[in-house]
Amino acid sequence: MTIRIYSTLTRTKADFRPLVEGKVGIYVCGPTVYDSAHLGHARSAITFDVVRRYLTYRGFEVRLVRNLTDVDDKIIQRAHKEGSEWRKIAERYAAEYSRDMGDLGLLPPTVEPRATDHVADMQALIAVLIERGAAYAVNGDVFFAVAAFPAYGRLSGQEVSQVRAGSRIDVDERKRAPEDFALWKSAKPGEPSWPSPWGNGRPGWHIECSAMAARHLGVPFDIHGGGSDLVFPHHENEIAQSEAATGSTFARIWMHNGMIRVDQEKMSKSLGNFSTIHELLGVHDAETIRAFLLGQHYRSPVDFSMMALEESRRALARAYSTLARVDRGDWGRRPGGAGRAGADATAASSDWLEVERTFQAAMDDDFNTARAIGVLFEAVRSINRLADVSSEADSGGCVRAREGRELVAKLGGQVLGVLQGDAQAWLERDRDRRSAQMGLDVTWVEEQLLARAQARSERRWADADAIRSTLARRGVVLEDRPGATTVWGIADAEPDAPTKDA
RNA sequence: GGUACGGUACCCAAGUGGUUAAGGGAGCGGUCUGCAAAACCGUUAUUCACCGGUUCGAAUCCGGUCCGUACCUCCA
């Protein structure tokens with residue numbers, strides 16, 4: 001089975017054949033480091049983290065390049081506003097981004113190039129463009145001449161005439177045509193600048209990606225990724241610059257992730273409706289955020305809400321409790337559960353080889369993580385069924401359940417970055433976090449548990465139940481396990497009722 | 001105005017020509033349990049915004065209508 005990938009360039013899925021057998025080069029547009037990263041940045045990064053992980057799982061040697069734009073108008077503005085130095089701003093937010101991505105469980109990119117380390121590469125590229133007549137210098141600025149690149153607009157489906165009709169284009173007398181864009185900006189007082197053949201200045205935004213991709217992957221390369229809001233003009237301009245300069249294809253496949261929406265609007269800095277990654281990680285586990293994002297296809301817009309995140313948390317908690325159950329060898333408590341039909345279903349769905357094949361088929365189809373997660377949840381149910389009907393720890397059913405547990409952890413962990421690590425520890429962290437959020441006195445809960453255990457051992461059921469109700473009113477739910485042990489957890493909030501915080 | 005993408009159950013969501021329309025959340029009924037919880041079983045879309053058309057066959061293709069979102073030089 002071959003992997004099929006949707007390319008924005010062709011608007012269709014096609015079989016993936018890398019340029020070099022067994023190897024894949026990917027370039028993803030990273031952030032401009034002028035402020036904290038929000039969920040939208042996380043989505044893009046996680047999308048391509050999973051692309052990379054899956055291709056690696058399928059045996060490819062992946063080289064992932066994700067840049068940092070560390071010189072830009074917004075960085076300079078921010079520095080002026082804070083009375084700071086632009087390099088310090090860039091440094092601060094680059095470090096924060098790196099920390100956030102690590103916290104979200106992203107594998108570090110193979111290379112994380114910075115624009116300021118590639119100014120010479122950009123200048124060389126600009127020089128070639130001027131030499132070829134695709135760019136022109138005017139008083140220290142250099143512009144790309146869109147007219148010199150007839151294929152301009154192919155990626156976004158825009159026509160130059162229509163672009164020109166757009167009212168948002170800056171009128172700039174120095175440009176030959178309104179759609180031309182800056183490759184090099186002449187230095188202004190108080191702004192960072194580098195010497196160049198056209199005078200002191202700094203690079204335009206688009207040229208950095210062309211230069212860094214060429215430097216770290218060579219041209220052409222396999223996959224270029226980024227948010228769908230970058231299709232026009234950023235990626236369109238990258239193509240124009242790179243292909244006008246080299247005469248060759250730039251990126252073979254263009255992948256774009258969809259935007260995050262809040263109340264039917266795009267989450268963005270300018271609208272102010274964003275949640276930073278750091279804030280979200282204060283409320284939810286990284287894997288919950290990953291599961292939420294990966295629960296829908298990467299190209300679709302996703303509507304963000306705290307309720308939706310909470311649903312993902314519950315789903316993940318269910319999977320984790322199954323893994324933990326297998327780990328502690330909790331077998332055969334409800335032999336009647338599955339029934340005849342259930343037993344057949346179990347046999348069919350606990351064919352782990354088949355499960356892995358189905359998972360692969362989902363991921364092969366343009367990285368359909370939503371379907372892949374569905375496969376994992378079906379496996380979780382099978383594991384529970386097996387555990388329900390099997391009792392001897394060395395019986396076939398228990399062995400199969402353990403194998404299933406390993407498979408779920410392997411696929412989830414290696415490919416999606418969820419369900420990795422110790423299941424019991426995840427559940428405990430989840431409980432601790434939620435009890436803290438509710439302001440629950442854990443010591444008091446433990447005392448109640450002891451009192452109830454005493455009552456139960458004396459068969460004072462009414463007293464035991466009274467304690468259960470008292471705890472329930474505080475949102476604590478009890479689970480009596482085999483033996484004399486009782487574990488406690490936090491009850492799920494009513495779906496429609498807002499969470500009480502008083 | 002131009003360019004794309006989308007509208008599937010109570011909610012989220014996968015499915016883009018053909019067996020019972022994934023999965024998750026929520027609800028309800030049941031098994032199990034001292035009572036519970038968890039888990040499991042069953043159940044909640046004869047139907048995929050609406051109207052036409054193509055086809056032996058359509059959620060899926062085509063045309064139209066309505067609604068939503070994004071992009072059109074700040075954006076992941």
Side-chain angles (χ1 to χ4, degrees), chain A residues 8 11 28-32 37-45 47-48 72-74 153 156-159 161-170 178-179 181-182 205-206 225-234 236-237 256-261 264-270 291-292 295-297 299-303 305 307-308 310-312 314-316 318 321-322 325 330 333-339 341-342 345 362 368 370-378 381 384-385 387-389 456 459 461-462 464-465 468 472 477-481 486-489 491-492 494-496:
Chain A
T8 307
R11 313 238 176 238
V28 182
C29 285
T32 299
H38 60 67
L39 190 62
H41 300 98
R43 186 180 197 197
S44 185
T47 295
F48 295 101
D72 166 270
D73 291 351
K74 281 177 294 194
S156 58
Q158 300 281 330
E159 283 180 31
S161 58
Q162 290 299 337
V163 171
R164 198 175 286 189
S167 55
R168 287 217 249 159
I169 293 186
D170 292 332
E179 64 273 18
F181 54 90
W205 174 37
H206 316 294
S228 61
D229 53 352
L230 299 181
V231 172
F232 190 91
H234 185 51
E236 199 73 74
N237 292 355
H256 292 100
N257 62 275
M259 299 291 101
I260 306 276
R261 293 195 304 211
Q264 293 292 299
E265 271 186 330
K266 176 180 164 184
M267 176 181 283
S268 71
K269 281 278 154 62
S270 40
F292 166 67
Q296 34 226 300
H297 192 88
R299 280 190 277 117
S300 309
V302 24
D303 288 301
S305 69
M307 192 61 213
E310 169 60 16
E311 284 182 9
S312 295
R314 285 183 200 183
L316 208 51
R318 186 167 97 81
S321 58
T322 298
R325 173 187 187 183
D330 189 352
R333 282 192 288 138
R334 302 293 167 262
N368 194 328
R371 215 157 83 208
I373 287 176
V375 173
L376 256 29
F377 274 100
E378 284 181 271
R381 188 191 295 141
N384 276 320
R385 269 198 296 241
D388 274 355
V389 300
R456 289 184 77 212
R459 306 182 77 78
W461 303 126
D465 289 351
R468 181 195 288 286
V477 63
L478 303 182
E479 184 179 339
D480 293 327
R481 293 265 172 84
T486 296
V487 297
W488 64 275
D492 291 333
E494 292 297 318
D496 296 325

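So you know, we letter chains A, B, ... as the sequences are listed, proteins then strands, and number each from 1. It should be emphasised that the depicted structure is a prediction, and the values quoted were computed from it without experimental measurement.
Distance from the side chain of A/N368 is smallest to B/rA14 among B/rA76, B/rA14, B/rA38. The side chain of A/E311 lies closest to B/rG24 when the candidates are B/rU73, B/rG24, B/rA76. Checking B/rG68, B/rC71, B/rC40 against the side-chain heavy atoms of A/Q264 singles out B/rG68 as nearest. Nearest nucleotide to the A/R468 side chain, out of B/rC71, B/rA76, B/rA36: B/rA36. For A/R318, the listed nucleotide lying nearest its side chain is B/rC40; candidates were B/rA26, B/rU69, B/rC40. For A/D480, counting side-chain heavy atoms from C-beta on, the closest listed nucleotide (B/rA13, B/rG34, B/rA76) is B/rG34. Checking B/rU73, B/rC41, B/rA13 against the side-chain heavy atoms of A/R381 singles out B/rC41 as nearest. In the set B/rA37, B/rG25, B/rA76, the nucleotide with an atom closest to the side chain of A/R314 is B/rG25. For A/D229, counting side-chain heavy atoms from C-beta on, the closest listed nucleotide (B/rA37, B/rA76, B/rA26) is B/rA76. Side chain of A/N384, nearest nucleotide from B/rU73, B/rC40, B/rG2: B/rC40.
Pair assignment for B/rG63: B/rC51, on the basis of Watson-Crick or G-U wobble contacts that are both within less than 3.5 Å. Base-pair partner of B/rG57: not found among the strands shown (Watson-Crick or G-U wobble, both distances under 3.5 Å). The nucleotide B/rG29 finds its pairing partner in B/rC41, both defining distances of the Watson-Crick or G-U wobble pair being shorter than 3.5 Å. Pairing partner, B/rU46: none, since no Watson-Crick or wobble contact has both distances short of 3.5 Å. When Watson-Crick and G-U wobble pairs are counted only if both distances are under 3.5 Å, B/rA9 pairs with no nucleotide at all. Under the Watson-Crick and G-U wobble criteria, each requiring two contacts below 3.5 Å, nucleotide B/rG34 is left unpaired. Both distances falling under 3.5 Å, in either a Watson-Crick or a G-U wobble arrangement, place B/rU3 opposite B/rA70. Base pairing of B/rG17: no nucleotide in any strand meets the Watson-Crick or G-U wobble criterion (both distances under 3.5 Å).
As judged by a 4.0 angstrom heavy-atom cut-off over every strand, A/R299 is placed among residues making no nucleic acid contact. Contact annotation for A/L39: no contact, since no heavy-atom pair falls under 4.0 Å across all strands. Using a 4.0 Å heavy-atom cutoff across all strands shown, A/L478 reaches at least one base atom of the nucleic acid. A/S305 comes within 4.0 angstrom of no nucleic acid atom, judged by non-hydrogen atoms across all strands. In this structure, A/R261 reaches the sugar-phosphate backbone alone: every heavy-atom distance under 4.0 Å involves primed, P, OP1 or OP2 atoms, never a base. Residue A/S270 is in base contact, counting any heavy-atom pair closer than 4.0 Å across all strands shown. No engagement by A/K269 is indicated, since no non-hydrogen atom pair under 4.0 Å with the nucleic acid exists. Residue A/D465 is in base contact, counting any heavy-atom pair closer than 4.0 Å across all strands shown. As judged by a 4.0 angstrom heavy-atom cut-off over every strand, A/D72 is placed among residues making no nucleic acid contact. Within 4.0 Å of A/G40, counting heavy atoms only, lies at least one base atom of the nucleic acid. Within the 4.0 angstrom heavy-atom criterion, only backbone atoms of the sugar-phosphate kind lie near A/H297; the bases stay farther away. The residue A/G225 sits apart from the nucleic acid: no heavy atom pair falls under 4.0 Å. Looking at heavy-atom distances under 4.0 Å, A/R456 makes contact with a base. A/A315 comes within 4.0 angstrom of sugar-phosphate atoms only, judged by non-hydrogen atoms across all strands, and of no base.
Pairing each heavy atom of A/E236 with each of A/S156, the nearest pair is OE1-OG, 2.5 Å. Nearest heavy atom pair, residue A/K269 against residue A/H41, reads NZ-CE1, 4.1 Å. Scanning both residues, A/A387 and A/D330, for their nearest heavy atoms gives CB-O, 4.4 Å. Looking at every heavy atom in both residues, A/L316 comes nearest to A/F377 through N-CZ, 4.4 Å. Nearest heavy-atom pair across A/D229 and A/K266 is OD2-NZ, 3.3 Å.
Atom NZ in A/K266 sits about 14 Å away from atom P in B/rU69, given to the nearest Å. Spacing between atom CE of A/M259 and atom P of B/rC5 amounts to 15 Å, rounded to whole angstrom units. In this structure, the CG atom of A/D492 is 12 Å from the C1' atom of B/rA38, given to the nearest Å. We find that CG of A/L376 is positioned 15 Å from C1' of B/rA14, with the value rounded to whole Å. Straight-line distance from the CD atom of A/Q296 to the P atom of B/rG25: 15 Å, rounded to whole Å. Taking atom CG on A/D388 and atom P on B/rC40, their separation rounds to 7 Å, with Å as the unit. What separates CD1 of A/I373 from P of B/rA13 is a distance of 13 Å, to the nearest Å. Rounded to an integer number of Å, the gap from A/M307 CE to B/rA26 C1' is 8 Å.
B/rU60 and B/rC48: their P atoms are spaced 9 Å apart (whole Å). Rounded to whole Å, the separation between the C1' atoms of B/rC71 and B/rA76 comes to 14 Å. For B/rA14 and B/rU73, the C1' atoms lie 36 Å apart once the distance is rounded to whole Å. B/rA45 and B/rC10 are spaced 8 Å apart, taking the P atom of each and rounding to whole Å. Using atom P as the reference point in both B/rU8 and B/rC40, the two lie 28 Å apart (nearest Å). Nucleotides B/rA21 and B/rG15, compared at atom C1', are 7 Å apart to the nearest Å. Taking atom P in both B/rU16 and B/rA22, one finds a spacing of 13 Å when rounded to whole Å. B/rC11 and B/rU19: their P atoms are spaced 26 Å apart (whole Å).
Annotation: of the two residues near RNA chain B, A/L230 and A/F181, the 5′-most nearest-nucleotide partner is A/F181.
Put simply, A/N257 has no side-chain N or O that comes within less than 4.0 Å of OP1 or OP2 on B/rA76. Contact between the side-chain N/O atoms of A/S300 and the OP1/OP2 oxygens of B/rA14 is found at a separation under 4.0 Å.
Note: A/H234 and A/H206 have tilted aromatic rings, judged against thresholds of 30 and 60 degrees for the angle between ring planes.
A distance of 5.0 Å separates OG1 of A/T486 from CZ of A/R456, quoted to the nearest 0.5 Å.
Under the stacking criterion of a centre-to-centre distance below 5.5 angstrom and an interplanar angle below 30°, A/F377 is not stacked against the six-membered ring of B/rG23.
No side-chain heavy atom of A/R299 sits less than 4.5 Å from a side-chain heavy atom of A/T8.
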Quiz item: Yes or no on side chain to side chain contact (heavy atoms under 4.5 Å, CB included) for A/T47 and A/R43, after CA distance, side-chain angles and deciding distance?
Solution: CA-CA 6 Å; A/T47 295; A/R43 186 180 197 197; 4.1 Å; yes
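In summary, A/D388 and A/R381 do not engage in a salt bridge, as defined by a charged side-chain N under 4.0 Å from a carboxylate O.
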